[in-house]
There are 2 protein chains.
Amino acid sequence: METELVFKALSDPNRMKILNNLCSRDCPCNVGDVACCCTVDLSVVSRHLSILKNAGIISAEKRGKEVFYHVNRKEVAALLRQTAENIEKHVVHERRYK
Amino acid sequence: METELVFKALSDPNRMKILNNLCSRDCPCNVGDVACCCTVDLSVVSRHLSILKNAGIISAEKRGKEVFYHVNRKEVAALLRQTAENIEKHVVHERRYK
DNA sequence: AATATATTTGCATTATTGTGCAAATATACA
DNA sequence: TGTATATTTGCACAATAATGCAAATATATT
């Protein structure tokens, strides 16, 4: 899971809406259901889902003709917390002056 | 501090380099020092710094002719952790089936 | 096999963002 | 006041990314 890919994926308004939509569900849902949260074409939603998936933020599971997506909550949360740690503590140089 | 602005700010390779550079220091540093971590023009670095600042990730302090930047570690870390919480727990619908 | 539904992909277009250079601004110093 | 240094801004251009539509693919159903 690459930090930069994740941030890039989270930097678009529609992808944020999609992620929030997916986050608010406790069951995986299909593309049509995801799409209802934004006004863009279904094909665009499909592409956004693929970007989120590629970043490791969500996962897909094919059942019949439908594809069900769900958020990789644990993994994404872990990455964000790790990044928080790094930003807070990553001081390479020693403090020289008091 | 807007989550989406922050993610957008963190979604560019050069801004990531710049942020890592700033993070690795325990003292604020000026634009020239920031710039040494990437090969783009100084003016580009200046613009990247302004984007990071605008997102609330870093802060600027003017001293003489120089501008010193530093990372708002606490705030950024807090925002990332909050986002982690939201992603992990933000289930609006009740679980219907066991 | 033909038809219907769900999703993805090709392609063209538009919109947004990143970049370098030159010029402008701000401040210090001779 | 003139000159030097640090940073930012205007502008043009290149590179990326978002979008909609139509067509392709995949799977189920009749």
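These numbers come from a predicted model, not from an experiment. Order of the sequence lines fixes the chain letters, A, B, ..., with proteins taken first and strands second; residue numbering starts at 1 for each chain.
- Evaluation of the salt bridge (charged side-chain N to carboxylate O under 4.0 Å, His left out) test over residues 4-24 of chain B, restricted to residues two or more places apart or in two chains, returns none.
- The nucleotide whose nearest atom lies closest to any side-chain atom of Ser46(A) is, among dA26(D), dA26(C), dT9(C), dT9(C).
- Residue order along DNA chain D, read from the 5' end via each residue's closest nucleotide, puts Thr39(A) first among Lys65(A) and Thr39(A).
- Closest approach of Val76(A) to Gly56(A), counting heavy atoms only: CG2-O, 4.4 Å.
- As rounded to whole Å, 10 Å separates atom P of dG18(C) from atom CG of Leu52(B).
- Across all non-hydrogen atoms, the minimal contact from Leu19(A) to Leu10(A) is CD2-CD2, 3.4 Å.
- Once rounded to the nearest 0.5 Å, the distance linking CZ of Arg47(B) with CG of Asn54(B) reads 14.0 Å.
- Residue contacts shown for Val44(A) include a base, since a base heavy atom lies under 4.0 Å away.
- Distance, Lys17(A) NZ to dT19(D) C1': 14 Å, rounded to whole Å.
- Between Leu49(B) atom CG and dT9(D) atom C1' the separation is 15 Å, expressed in whole Å.
- Across all strands, Val31(B) comes closer than 4.0 Å only to sugar-phosphate atoms, never to a base (heavy-atom distances).
- Taking atom CG of residue Asn30(A) and atom C1' of nucleotide dT5(C), one finds them 11 Å apart after rounding to whole Å.
- Contact between the side-chain N/O atoms of Tyr69(B) and the OP1/OP2 oxygens of dA6(D) is not found at any separation under 4.0 Å.
- For the pair Asn14(A) and dT19(D), the criterion of a side-chain N or O lying under 4.0 Å from OP1 or OP2 is met.
- Note on Arg15(B): a side-chain N or O is less than 4.0 Å away from OP1 or OP2 of dG18(C).
- A distance-only check finds no donor-acceptor pair linking the side chain of Asn30(A) to the backbone of Tyr69(A) [under 3.5 Å].
- Contact check of residues 1-12 of chain B against DNA chain D (heavy atom, cut-off under 4.0 Å) returns no residues at all.
- In this structure, His48(B) does not reach the dT17(C) phosphate: none of its side-chain N or O atoms is under 4.0 Å from OP1 or OP2.
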Output a table of donor-acceptor pairs, distance under 3.5 Å, between side-chain atoms of residues 32-43 of chain A and any protein atom two or more places apart or on a different chain; print 'none' if there are none.
| unit_1 | atom_1 | unit_2 | atom_2 | d |
| --- | --- | --- | --- | --- |
| Asp41(A) | OD2 | Ser43(A) | N | 3.0 |
| Asp41(A) | OD2 | Ser43(A) | OG | 2.8 |

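- Per the geometry, CD1 belonging to Ile58(A) stands 13 Å off P belonging to dT7(C), to the nearest Å.
- Each of Ser43(B) and Ile51(B) has a nearest nucleotide on DNA chain C; the 5'-most of these lies closest to Ile51(B).
- When the shell of 6.0 Å around CD of Glu85(A) is examined, it contains more than 12 heavy atoms from other residues, nucleotides or ligands.
- Minimum atom distance to the side chain of Arg47(B) is reached by dT19(C), of the listed dC21(D), dT7(D), dT19(C).
- Between the CG atom of Leu42(B) and the C1' atom of dT5(D) there is a distance of 11 Å, given to the nearest Å.
- Nucleotide dA18(D) holds its P atom 13 Å from the CG atom of Asn54(A), rounded to whole Å.
- As rounded to whole Å, 15 Å separates atom P of dT9(D) from atom CG of Asp41(B).
- For Glu75(B) and Arg73(B), the salt-bridge test fails: no basic side-chain N is under 4.0 Å from an acidic carboxylate O.
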